[in-house]
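Atoms considered below: every heavy atom in the structure, side chains included; atoms not considered: hydrogens, waters and symmetry mates. Since the model is a prediction, treat every value here as computed from it, not as a measurement. Within every chain, numbering begins at 1; the chains are lettered A, B, ... in the order of the sequence lines, protein sequences first and strands thereafter.
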There are 2 protein chains.
Amino acid sequence: MVSADTRPRRRADAERSITRIVSAARECLSRDPDATMDDIAKVAGVGRMTVYGHFRTRPELVEAALGEALRAGELTLAGVDLTGDARQAMNRLLASSWSLVAESAALLSAAQRVLPEGRLRELHTGAADRVQQLIGRGQDDGAFRTDLPVTWLVNAVQYILHGAAEEIRLGRLDPVRASGVVTATVQSILAVPAGGTGLPQR
Amino acid sequence: MVSADTRPRRRADAERSITRIVSAARECLSRDPDATMDDIAKVAGVGRMTVYGHFRTRPELVEAALGEALRAGELTLAGVDLTGDARQAMNRLLASSWSLVAESAALLSAAQRVLPEGRLRELHTGAADRVQQLIGRGQDDGAFRTDLPVTWLVNAVQYILHGAAEEIRLGRLDPVRASGVVTATVQSILAVPAGGTGLPQR
DNA sequence: TCTATCTCGTACGGGAATGTACGAGATAGC
DNA sequence: GCTATCTCGTACATTCCCGTACGAGATAGA
């Protein structure tokens, strides 16, 4: 309904350009939410005018980039076995897609500034919901803590992923160890507290 | 060495204006890193030209705002008893200053875009170092985990605080419960893992 | 080979933000 | 009450980016 041939038809080189542009947009925008059309064009290796040939406005391009990232995320998500022990499932999920999820989060915050609120929710729902479902199921199974709101847990995980991506970018976290670090941190956040965290049980 | 009277002298009303401007800058910039000089002036209740009367450039104002926030943070930090059980100390620290630390983090990311790298480290060192020391001490005492790098733990805590502030801003987290939620989450991140996180021991 | 499509440079208009210049009026502080 | 200081509006130059217009040249695809 989106990517199919609603347009009359396109030449192969145009298709290739679009791919490169969207890919460049993902890269640039997830690093700098204010990346310029010109920046993106340069990274894509095309002229700025070519970009405008395919995307009329900047918001349109941002949406395309976000959409692609989310689609990729959902695809990966769909390929991960989320059944069985929730902890193990979360580990599998993180191992295969944490950096991708982090990228989506960065793009999401970039999109937040240029897309209408509704449009954003519309695109993002689905990807996030499935993570929330997994965490929710883990809570029901007794694998994950229930003393904190689900929405907080979901977002806390997001922030950790986002942070890890940033730390790598700043050279403060070894990319090789990152996956393990992320997994360990997330598990700690979701785990049922031992009982002595010093907090009232609420 | 910074705030003292290196300037010839200032009238009382000017002093008042500066205070309001810096305060407004802290508020605006921690909410939107791209806040305009005009935005800040409006919030401060003064004209834009008055702002320029005291801060020649935007980076100068950003630095002032960040500096003030960090100074406030250090002041609070200095008032917290960090001795004794590291877990309890961390709880005390978070209880009395988590939102302030979160604000500093937001300002920090705003400053990252307009201040030279060195200047930023220069200002920020001190505040962050003390948190790092506390976590390091906790590790030595066996209160906190040692399977993850200290720098990561410090930053993970920062990201969680930042995230909590954002969640409140978006109305997804009850401000009243926030303190407890933050404390519980941070304790989980720092705690020595029970032993079954599913990760190789490093 | 022929044509519709695509690339992409130059040039232009518009908007927003920064920072400067000037100056008239208010006021703190002596 | 005098004066240096401060406030702050208007106006302007500059810069940066977006988006449009035009068009010449390359190329895919038949």
(request) Select base, sugar-phosphate, or nothing to describe what Thr36(A) touches, counting heavy atoms under 4.0 Å on all strands. (result)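 It contacts sugar-phosphate atoms only.
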
Taking [Y]'s backbone N and O only, do any of them form a donor-acceptor pair with [X]'s side chain (distance below 3.5 Å, no angle check)?
| X | Y | result |
| --- | --- | --- |
| Arg169(A) | Arg31(A) | no |
| Gln132(A) | Thr151(A) | no |
| Thr57(B) | Glu60(B) | yes |
| Ser30(A) | Glu27(A) | yes |

Take the protein atom [atom1] of [X] and the nucleotide atom [atom2] of [N], then report the distance between them rounded to whole Å.
| X | N | atom1 | atom2 | answer |
| --- | --- | --- | --- | --- |
| Asp34(B) | dC16(D) | CG | P | 16 Å |
| Asp38(A) | dC8(C) | CG | C1' | 12 Å |
| Met49(A) | dT7(C) | CE | C1' | 11 Å |
| Tyr52(B) | dA17(C) | OH | P | 11 Å |
| Asp32(B) | dA17(C) | CG | C1' | 13 Å |
| Glu15(B) | dT27(C) | CD | P | 19 Å |
| Ile40(A) | dC17(D) | CD1 | C1' | 12 Å |
| Leu61(A) | dC18(D) | CG | P | 10 Å |

(message) Quick check: on DNA chain C, is the nucleotide nearest Arg48(B) upstream (toward 5') of the one nearest Arg48(A), or the reverse? Name the residue that is more 5'.
(response) Arg48(A)

(request) With DNA chain C as reference, determine whether Thr57(B) or Gly45(A) sits nearer its 5' end, using the nearest nucleotide of each. (result) Gly45(A)

(request) State which of dT7(D), dT18(C), dC18(D) makes the closest approach to the side chain of Arg58(B). (result) dT18(C)

(message) A quick test of your reading: do over 12 heavy atoms of other residues, nucleotides or ligands sit less than 6.0 Å from CZ of Arg172(B)?
(response) yes

(request) Considering just the side-chain nitrogens and oxygens of His54(B), establish if one lies under 4.0 Å of OP1 or OP2 belonging to dT7(D). (result) yes

(request) Please determine if a side-chain N or O atom of Ser17(A) lies less than 4.0 Å away from the OP1 or OP2 oxygen of dT7(C). (result) yes

